[in-house]
Amino acid sequence: MPSANIERLREAYSAYNRERARGILGYLDPEVEWRNPADSPIAGVFVGHEGVLEWQRQVDEVFEDMHFEPERIEELPDGRSLAFVRFRFRVPTSETETEVPFAHLVTWRDGKATEFTMYTNQAAAREAAGLAP
């Protein structure tokens with residue numbers, strides 16, 4: 001049976017895919033640190049609910065039809081969650097949908113994500129989580 005945090009994360013992906021960032025605010029600590037990958041067009045750390053909404057505003061300028069589809073979610077010994085996802089999107093100048101592997105490392109406290117770190121390299125996410133590549 002999946003842990004409560006894994007279930008929350010699955011629910012959050014569904015909520016994001018329906019309602020974008022506004023849909024996941026209830027899953028995020030008010031002071032969440034939302035870390036976008038360094039190799040992203042929108043690299044950086046966004047803090048709090050307002051930061052996440054700002055991230056979404058910036059992302060919407062670069063990507064359209066964004067979806068994160070979890071393929072596997074692991075619970076780590078320290079209580080964090082590591083999700084391997086497919087990131088699907090289009091850029092505004094194209095009708096072609098692109099799909100790339102992504103990973104998210106999530107730290108939880110009292111049922112809320114306090115840190116959400118995105119990785120474009122799944123091996124780097126495994127390393128950051130303290131797992132063998």
Side-chain angles (χ1 to χ4, degrees):
M1 179 146 176
S3 76
N5 288 339
I6 288 177
E7 285 302 312
R8 280 185 198 93
L9 192 51
R10 286 189 193 287
E11 290 171 10
Y13 284 118
S14 292
Y16 181 86
N17 290 335
R18 283 189 317 271
E19 304 172 51
R20 313 314 252 175
R22 288 204 180 280
I24 62 170
L25 295 180
Y27 298 93
L28 305 176
D29 184 86
E31 298 301 317
V32 65
E33 290 186 9
W34 186 271
R35 300 176 180 277
N36 218 39
D39 57 350
S40 167
I42 305 143
V45 179
F46 298 81
V47 178
H49 289 180
E50 288 304 314
V52 173
L53 293 173
E54 174 59 21
W55 169 83
Q56 185 69 64
R57 188 191 67 70
Q58 290 183 32
V59 164
D60 286 343
E61 293 176 1
V62 180
F63 302 111
E64 290 183 353
D65 300 328
M66 286 180 46
H67 290 87
F68 290 101
E69 301 297 334
E71 294 182 316
R72 187 174 81 248
I73 302 174
E74 299 177 12
E75 182 163 13
L76 303 175
D78 62 7
R80 293 181 297 168
S81 301
L82 179 60
F84 298 96
V85 302
R86 303 298 296 172
F87 173 42
R88 291 185 299 116
F89 64 91
R90 281 187 319 101
V91 294
T93 58
S94 172
E95 291 300 316
T96 304
E97 186 173 86
T98 302
E99 184 175 287
V100 295
F102 240 64
H104 298 142
L105 183 59
V106 184
T107 302
W108 301 94
R109 183 179 62 235
D110 300 327
K112 305 278 185 178
T114 58
E115 190 172 311
F116 189 94
T117 305
M118 294 185 242
Y119 296 88
T120 56
N121 180 306
Q122 291 185 347
R126 290 186 64 75
E127 184 177 324
L131 302 174

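Quick note: residue numbers are just sequence positions, from 1.
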Output, in order, the C-alpha distance, side-chain angles, deciding distance and verdict of side-chain contact (heavy atoms from CB on, under 4.5 Å) for Met118 and Trp55.
CA-CA 12 Å; Met118 294 185 242; Trp55 169 83; 3.7 Å; yes
What's the verdict on side-chain contact (heavy atoms from CB on, under 4.5 Å) for Trp34 and Leu28, showing C-alpha distance, side-chain angles and the deciding distance?
CA-CA 9 Å; Trp34 186 271; Leu28 305 176; 4.1 Å; yes
Pair Val32, Val52 - check side-chain contact (heavy atoms from CB on, under 4.5 Å), show working.
CA-CA 8 Å; Val32 65; Val52 173; 3.8 Å; yes
Could you go through the ring-ring contact (aromatic ring centres under 6.0 Å, His included) check for Phe87 and Phe63 one step at a time?
CA-CA 11 Å; Phe87 173 42; Phe63 302 111; 5.6 Å; yes
Checking Val62 against Gln58 for the side-chain contact (heavy atoms from CB on, under 4.5 Å) test, could you report, in this order, the C-alpha distance in whole Å, the side-chain angles of both residues, the deciding distance, and whether it holds?
CA-CA 7 Å; Val62 180; Gln58 290 183 32; over 6 Å; no
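A distance of 6.5 Å separates CD of Glu99 from CZ of Arg88, quoted to the nearest 0.5 Å. For the atom pair CD (Glu97) and CD (Glu95), the distance works out to 11.0 Å, reported to the nearest 0.5 Å. Between Glu50 atom CD and Leu25 atom CG the span is 8.5 Å, to the nearest 0.5 Å. Here CD of Glu11 is found 13.0 Å from CD1 of Ile24. Values are rounded to the nearest 0.5 Å.
With salt bridges taken as basic N to acidic carboxylate O contacts below 4.0 Å, none links Arg86 and Glu69. Using a 4.0 Å cut-off between charged side-chain N and carboxylate O, Arg90 and Glu64 make a salt bridge. Of the charged side-chain nitrogens involved, at least one lies within less than 4.0 Å of a carboxylate oxygen, so that Asp29 and Arg109 count as a salt-bridged pair. Taking a cutoff of 4.0 Å between a charged side-chain nitrogen and a carboxylate oxygen, Arg126 and Glu74 qualify as a salt bridge. One finds a salt bridge joining Glu54 and Arg57 here, because a Lys/Arg side-chain nitrogen approaches an Asp/Glu carboxylate oxygen to under 4.0 Å. Classification of Asp110 and Lys112 as a salt-bridged pair fails, no side-chain N sitting under 4.0 Å from a carboxylate O.
Within a 6.0 Å radius of CD in Glu19, more than 12 heavy atoms belonging to other residues, nucleotides or ligands are found.
Contact check for Arg10 versus Ile73: side-chain heavy atoms found under the 4.5 Å cut-off. For the pair Leu105/Tyr119, a side-chain contact is recorded, criterion being any heavy-atom separation below 4.5 Å from C-beta on. Annotation: side chain of Phe68 is in contact with side chain of Tyr16 (closest heavy-atom distance under 4.5 Å).
Scanning all heavy atoms of the two residues, the minimum distance from Ala15 to Gly23 falls at CB-O, 3.3 Å. Contact between Val85 and Pro70 at its shortest, heavy atoms only, is CG1-CA, 3.6 Å. Ala113 and Trp108 make their closest contact through N-CE3, 3.5 Å (heavy atoms, listed as atom of the first residue, atom of the second, distance). What you find for Ala21 and Leu53 is that their closest heavy atoms are CB-CD2, 4.1 Å. For the residue pair Leu131 and Leu82, the shortest heavy atom distance occurs at CD1-CD2, 3.8 Å. Contact record, Met66 with Asn17: O-OD1, 4.3 Å, taken as the closest heavy-atom pair.
Cluster membership for Ile42 and Val91, using ILVMFWY side-chain heavy atoms within less than 4.5 angstrom, is shared. Side-chain heavy atoms closer than 4.5 Å link hydrophobic residues (I, L, V, M, F, W, Y) into clusters, and following such links, even through other members, never connects Tyr27 to Leu76.
Of the possible polar contacts, none joining the Glu33 side chain to the Phe46 backbone as a donor-acceptor pair under 3.5 Å is found.
For His104 and Tyr13, the distance between ring centers is under 6.0 angstrom.
When only modelled atom types and interatomic distance are considered, Glu75 and Ser81 share no side-chain donor-acceptor pair under 3.5 Å.
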